[in-house]
Structure formats: C-alpha cells, structure tokens
Amino acid sequence: MNTYQLAVLPGDGIGPEVMTQALKALSAVESKFGFSTKLTECYVGGAAIDNCGKALPAETLAACSAADAILFGSVGGPKWDHLPADERPERGALLPLRKHFSLFANLRPGICMAELVEASPLKNKIIEGGFDILCVRELTGGMYFGEPKFYGEQDGEIVGIDTLFYRKSEVERIARVAFESARGRDKRLCSVDKANVLSSSMMWRDTVEEIAKDYPDVELSHMYVDNAAMQLVRNPQYFDVMVTENTFGDILSDEMAIICGSLGMLPSASLGEGKGGDGKKAFGMYEPSGGSAPDIAGLDIANPIAQILSLSMLLRYSCLEAEAADAIDLAVRRVIASGLRTRDLSNGSCGEKLVSCSEMGDAIAAAI
Ligand code: IPM
Ligand code: MN
C-alpha cells in the first residue's frame with residue numbers, strides 16, 4: 001500500500017475549519033482507493049506566532065521538507081497586522097514557503113459549473129453553460145520578491161519601493177508550464193502583461209513568443225492586463241489558459257474566482273520543477289486561493305470546497321492518485337448539483353439547501 005507523508009498547515013481564520021473538512025474527504029478516498037497518508041500537523045502564520053513566536057517555525061519548515069506535499073489552509077488576520085511586515089503571517093510564512101521550495105508555478109483552475117451560474121455576479125447570458133479557465137500565475141518572482149523593497153525615509157521624505165524584476169529564465173519556465181497545460185486542454189494560451197508600459201512585460205512577451213516556437217499546436221495570444229480584467233467579466237468563455245506574472249495573477253485570480261460563483265470555490269497548486277500529472281510526482285503546496293476570511297472564522301459558515309479541491313490537486317500532482325482526485329472532484333459536483341450551498345453560494349432559490357461548513361464537508365465525504 002502506498003503511504004504519503006503530508007504536512008498539514010491549517011493556519012489562521014477559516015483555515016482550521018475548512019481543513020477539517022478536507023481531511024474528512026481524505027479519509028474517505030483513502031479507504032476507497034487503498035492508500036494511506038501520514039499527516040504531520042504544524043502551526044503556521046498567526047497561529048505559529050502565537051504558539052511558537054514566529055510565523056514559520058523551524059519545526060514547520062522541517063516537516064514540510066520531509067513531506068511529499070503540503071496541504072495549506074490560509075494565514076493572516078487583523079490580530080497580526082501591527083507586526084513589522086517581514087514578521088506578519090503573509091511575508092513571514094507564506095511567501096518564504098513558496099520561495100524556499102521554488103514553487104514558481106501556481107495553477108488556479110477557475111471552473112464555473114453550470115449549476116453555479118446563478119451564484120456568479122455576472123449576467124447569466126454571458127456565462128451560459130459555465131466556463132473553465134486555468135490561470136497559471138508566476139509565484140516566486142515579480143514585485144512580491146524583487147529588490148529593492150523599502151518603506152522609509154529617503155532624501156527627507158517617506159517613500160515606498162517595490163521592484164518588478166524578472167529573469168528571462170523565470171519567464172521561460174513558467175511559459176513552458178502554461179504551454180504544457182494548454183496542450184492538455186483546449187490548446188489556447190493567453191499571456192497577460194503590460195508590455196505597452198513595463199520593461200519587464202516587454203521581456204515577458206518576447207520570451208513567451210520564443211517559447212511558443214516549441215508549441216506550434218497551441219494558439220497563443222497576448223493581452224494587456226487592464227484589458228484582461230475587462231474581458232474576464234465581458235466574455236470569460238474566451239479564455240482557456242492564461243499565464244501571467246505574480247501580481248497580475250494575484251489580482252486576476254480573485255476576479256476569476258468570484259465570477260465562478262465564490263472565492264470559496266477556487267483551489268490552487270503551487271509546483272516547482274517536475275510539474276507532476278505527467279507520471280512524475282511533484283512536490284507542491286496546495287491551498288485555497290481565497291484568504292483567511294477572519295470576519296467569518298469559527299462560525300462554521302465558510303465554504304470548504306476550495307480546500308477540498310486543493311486536496312484533490314495534491315492527490316493528482318504530488319501522489320499521482322488520479323482516481324482519488326477524480327472521485328473528490330465528482331463528489332463536489334454531485335453535492336453542488338444536489339442543491340447544497342454554503343452561504344457564499346446561496347441565492348435563495350427554492351431548489352437549494354443552505355448548509356454549514358461542516359455539513360458541506362460531511363456531504364462531500366459521503367458522496368465520495
Ligand atoms: C494569494 C494570497 C496571497 C498572495 C497573500 C495572502 C500573501 O492573496 O495566494 O492569492 O498575495 O499571493
Ligand atoms: Mn490573492
């Protein structure tokens with residue numbers, strides 16, 4: 001029997017409660033598909049600051065290094081916002097984890113199921129039948145990590161500086177991930193940049209064009225990020241795969257999530273070299289794309305689906321348990337189709353049944 005070592009990092013806010021639901025789904029697929037997991041649960045983010053004095057304790061990093069994959073909840077909240085930037089949950093734990101393991105490829109599948117068209121803020125006629133977009137976000141470069149990064153006094157005035165820096169090799173590798181992903185789908189890739197203004201984007205566009213020569217079967221287009229933000233709400237069905245730099249991807253993926261029905265539906269996989277899914281196991285970190293939602297934490301009303309689908313991506317890419325991953329995806333679809341809705345997905349229509357976070361988790365585990 002295959003056994004996988006997983007580092008489980010629930011984190012802050014709704015992280016722990018949605019993680020509990022994902023672990024129910026994990027138990028269900030383990031018994032059904034005959035594999036096992038060894039879970040090491042660790043503190044991260046604000047929870048780690050409170051319990052261990054820092055956002056990314058050495059024990060947590062060691063458990064992640066020893067694992068086949070990391071299942072991550074969410075970090076951050078107002079309680080820790082007064083701390084110096086580099087000690088806060090986001091810059092003290094999440095970004096260092098991404099960087100430490102070189103998880104440069106962040107896959108965010110934005111799927112609007114036909115059943116959830118009503119939950120989308122877009123007009124029904126725009127998204128009839130739903131849509132399916134994969135956002136490939138570069139995750140370890142760009143403004144998030146570029147130096148200099150500074151907030152303080154310079155020449156007698158307070159200034160703030162971030163640097164949008166990319167190496168060509170960083171663009172090449174994320175472009176390859178995107179082209180490969182497009183190959184496994186509808187073979188259409190849209191590269192999003194701001195090449196009419198930014199030098200980094202001019203380099204990005206030229207580099208994507210060069211890599212495109214290796215993928216003549218994939219249709220490549222380019223779009224400025226402002227236009228992409230607009231096209232996402234005007235005609236989301238235009239997109240198949242989009243690839244973009246870190247900050248643009250952060251912004252566009254939230255937009256993509258909400259037009260799918262809710263931020264609570266969008267999982268993500270952050271992968272390094274050896275992307276997985278192609279017969280090669282990849283180390284990765286899997287987390288919902290939405291945040292820790294401290295305003296609803298502990299109320300048992302959060303949507304656990306993004307966390308559960310993140311587990312599915314983990315099983316697919318880091319464990320190569322494709323059948324188990326398919327079973328989770330199918331269970332989510334069936335539960336949605338049966339009318340169960342957490343508060344974020346509810347529109348008060350008569351066929352739906354409003355459920356709590358834990359009831360949604362139970363229903364999905366039962367459907368598996
Ligand atoms: C995300 C989140 C993070 C990001 C935050 C929490 C640092 O918004 O994963 O999209 O900006 O990358
Ligand atoms: Mn974000």
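As the structure is a computational prediction, the values presented were derived from the model and not from experiment. We count ligands from 1, going down the list as the structure has it; atoms in each ligand are counted the same way.
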Between D254 and ligand 1, which part of the residue brings a heavy atom under 4.0 Å of the ligand: side chain, backbone, both or neither? neither

Which class fits the ring pair Y286 and Y317: parallel under 30°, tilted 30 to 60°, perpendicular over 60°? parallel

Taking atom NZ of K168 as the centre, report whether more than 12 heavy atoms of other residues, nucleotides or ligands fall under 6.0 Å from it. yes

Shortest protein heavy-atom distance from atom 4 (C) of ligand 1, along with the residue and atom involved: Y144 OH, 3.4 Å

Compare E90, R88, R98, R91 and give the one whose heavy atom is closest to atom 3 (C) of ligand 1. R98

Is the Mn ion (ligand 2) less than 2.8 Å from an N/O/S atom of D250, whether that atom is in the backbone or a side chain? yes

Kindly indicate whether the side chain of K194, heavy atoms from C-beta on, has any atom under 4.5 Å from the side chain of D226. yes

Should the heavy atoms of other residues, nucleotides or ligands under 6.0 Å from CD of E219 be counted, would the total exceed 12? no

Within 6.0 Å of CZ in R333, more than 12 heavy atoms from elsewhere: no

How far is atom 5 (C) of ligand 1 from the closest protein heavy atom, and which atom is that? L94 CD2, 4.1 Å

Numbered in order shown, the ligand 1 atoms found under 4.0 Å of a heavy atom of R137 are 1 (C), 4 (C), 9 (O), 10 (O), 11 (O), 12 (O)

F104 atom CZ: more than 12 heavy-atom contacts under 6.0 Å: yes

Can you report which non-hydrogen protein atom sits closest to atom 8 (O) of ligand 1, along with the distance? D250 OD1, 3.3 Å

Suppose we measure from atom 1 (C) of ligand 1 to each protein heavy atom; which comes out shortest, and what is that distance? R108 NH2, 3.3 Å

